[in-house]
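Reading through the structure tokens given below for one structure.
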Amino acid sequence: MDFFKTNYKGLLLCLCIAIPSWFAGKAFPIIGGAVIAIIAGMIITLFIKDKSSLESGIKFTSKKVLQWAVVLLGFGMNLMVILETGKQSLPIIISTIAISLVIAYVLHRIMHIPNKISTLVGVGSSICGGSAVAATAPVIDADDEEVAQAISVIFFFNVLAALIFPTLGSMLGFSYDTGTAFGIFSGTAVNDTSSVTAAASTWDSMWNLGSATLDTAVTVKLTRTLAIIPITLVLAFMRTRTESTQSNGTKVRLKSIFPMFILYFILASVITTISVSAGADLAVFNPVKELSKFFIVLAMAAIGLNTNIIKLIKTGGKPIVLGFFCWVGITGVSLVMQHFMGLW
């Protein structure tokens, strides 16, 4: 009861933003409900003079609900199918993730971009956009403005990729007979699921391929999503070492900052895999997957409410440059690897 009294006002405000944003995202999938919610939150917060009664609920939504979204993301992920059909793209996925993280680290050092923002942009660009940012932010203790900045940068290049890549694929001579090559390309070089879907569906429409490209792209994208597990665990370990060093030798235990929600994500994936192997229809998990997506939209509304849009614009130059180079690096490596592997 105390929890409800403390949090209901902030949570209700987040819901009032998230629900219309969710439906708007359905109408405009290339943008997505998460981006609409975060922008709406940043605008609405400018008109709220006193947020003291809202802060607890907003904080709960931006932190806990975001973690729940990642956990629920595990439902609907059949690990056996993903690993079997996605292994063809695995070398490309590993290469694109590696180049993005290297670029993020190098530009962080050269351009003095804050470490947490560079990490979020690098991980989000290379793995799965908003979902990866949602999983990474609690592990590195990123604040809401850093999350908002990373999401904004990733969204910008998401839209560009969805619009440009089908034409680029035609210019580069991807096969028009099957959707395999372009499906792998969009699945590895576009980070957010909505933009992957938009680009792959456009290719299917251009060449009358039904849903062949889309099926390939989504499978590759799900395979990339699994990279959330090792990345977050490594980041948690690195944070433990860093904080131990900064605390003058006082040892910080990994257990105290270990991302337990990632274990629940793995458990959810295992439950799905076992259930499907036992004869359950994967579609049974669709409502849970949709709830996961809605929770991300809900959390982004809260993050928007905690973000100063004016400050975000003023400090956004360097992260955009970082996002651009990560995007170009991922695209280039994906194309080179496909060509090297004889897929294109």
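In this chain, numbering begins with 1 at the start of the sequence shown.
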Could you state the interatomic distance from [atom1] ([X]) to [atom2] ([Y]), rounded to the nearest 0.5 Å?
| X | Y | atom1 | atom2 | value |
| --- | --- | --- | --- | --- |
| Ile313 | Asn308 | CD1 | CG | 9.0 Å |
| Tyr264 | Met260 | OH | CE | 4.0 Å |
| Thr61 | Ile303 | OG1 | CD1 | 10.0 Å |
| Thr119 | Arg239 | OG1 | CZ | 12.0 Å |
| Ile92 | Arg224 | CD1 | CZ | 11.0 Å |
| Glu55 | Asn7 | CD | CG | 12.0 Å |

Scan the side chains in residues 271-279 for donor-acceptor partners under 3.5 Å anywhere in the protein, sequence neighbours excluded, and list what turns up.
unit_1	atom_1	unit_2	atom_2	d
Thr272	OG1	Gly76	N	3.1
Thr272	OG1	Ala268	O	3.0
Thr273	OG1	Leu79	N	2.9
Thr273	OG1	Ser269	O	2.8
Ser275	OG	Ile271	O	2.7
Ser277	OG	Thr273	O	2.9

State whether the side chain of [X] and the backbone N or O of [Y] hold a donor-acceptor pair below 3.5 Å, judged by distance alone.
| X | Y | value |
| --- | --- | --- |
| Ser100 | Ile97 | no |
| Ser89 | Val220 | no |
| Thr45 | Gly41 | no |
| His108 | Ile113 | yes |
| Thr136 | Leu120 | no |
| Glu146 | Asp143 | yes |
| Asn306 | Ile58 | no |

So which atom in [X] and which in [Y] form the shortest heavy-atom distance, rounded to 0.1 Å?
| X | Y | answer |
| --- | --- | --- |
| Pro138 | Gln67 | CB-NE2, 3.6 Å |
| Ala301 | Ala18 | CB-N, 4.4 Å |
| Val121 | Gly323 | CG1-CA, 3.8 Å |
| Phe75 | Lys289 | O-CG, 3.0 Å |
| Leu322 | Ala104 | CD1-CA, 3.5 Å |
| Gln88 | Ile184 | OE1-CD1, 3.8 Å |

Is the ring pair Phe185/Phe182 parallel, tilted or perpendicular, if the boundaries are 30 and 60 degrees? perpendicular
Would a hydrophobic clustering, with Ile, Leu, Val, Met, Phe, Trp and Tyr connected at side-chain separations under 4.5 Å, put [X] with [Y]?
| X | Y | value |
| --- | --- | --- |
| Ile44 | Met42 | no |
| Val65 | Leu54 | no |
| Ile38 | Phe47 | yes |
| Leu263 | Leu235 | yes |
| Val328 | Met337 | yes |

Below 3.5 Å, can you tabulate the donor-acceptor pairs from side chains in residues 148-171 to any protein atom, sequence neighbours excluded?
unit_1	atom_1	unit_2	atom_2	d
Gln149	NE2	Thr315	O	3.2
Gln149	NE2	Thr315	OG1	3.1
Ser152	OG	Ala148	O	2.7
Asn158	OD1	Asp192	N	3.3
Asn158	ND2	Asn191	OD1	3.1
Ser170	OG	Pro166	O	3.3

Which residues pass the ring-ring contact (aromatic ring centres under 6.0 Å, His included) test with Trp22, not counting sequence neighbours? Phe294
Check salt bridge (Lys or Arg N to Asp or Glu O under 4.0 Å) between Lys63 and all other residues, then give those that pass, not counting sequence neighbours. Asp144
Report, as yes or no, whether the 6.0 Å neighbourhood of atom CG on Leu46 holds more than 12 heavy atoms from other residues, nucleotides or ligands. yes
I'd like to know whether CE of Met238 has more than 12 heavy-atom contacts from other residues, nucleotides or ligands below 6.0 angstrom. no
Charged N to carboxylate O under 4.0 angstrom, Glu290 versus Lys26? yes
Taking side chain to side chain donor-acceptor pair (under 3.5 Å) as the definition, give me every residue that meets it alongside Ser126, ordered by chain and number, with sequence neighbours left out. none
Under the side chain to side chain donor-acceptor pair (under 3.5 Å) test, which residues partner Lys9, sequence neighbours left out? none
Check the side chains of Ser334 and Thr188 for a donor-acceptor pair under 3.5 angstrom, ignoring hydrogens and angles. yes
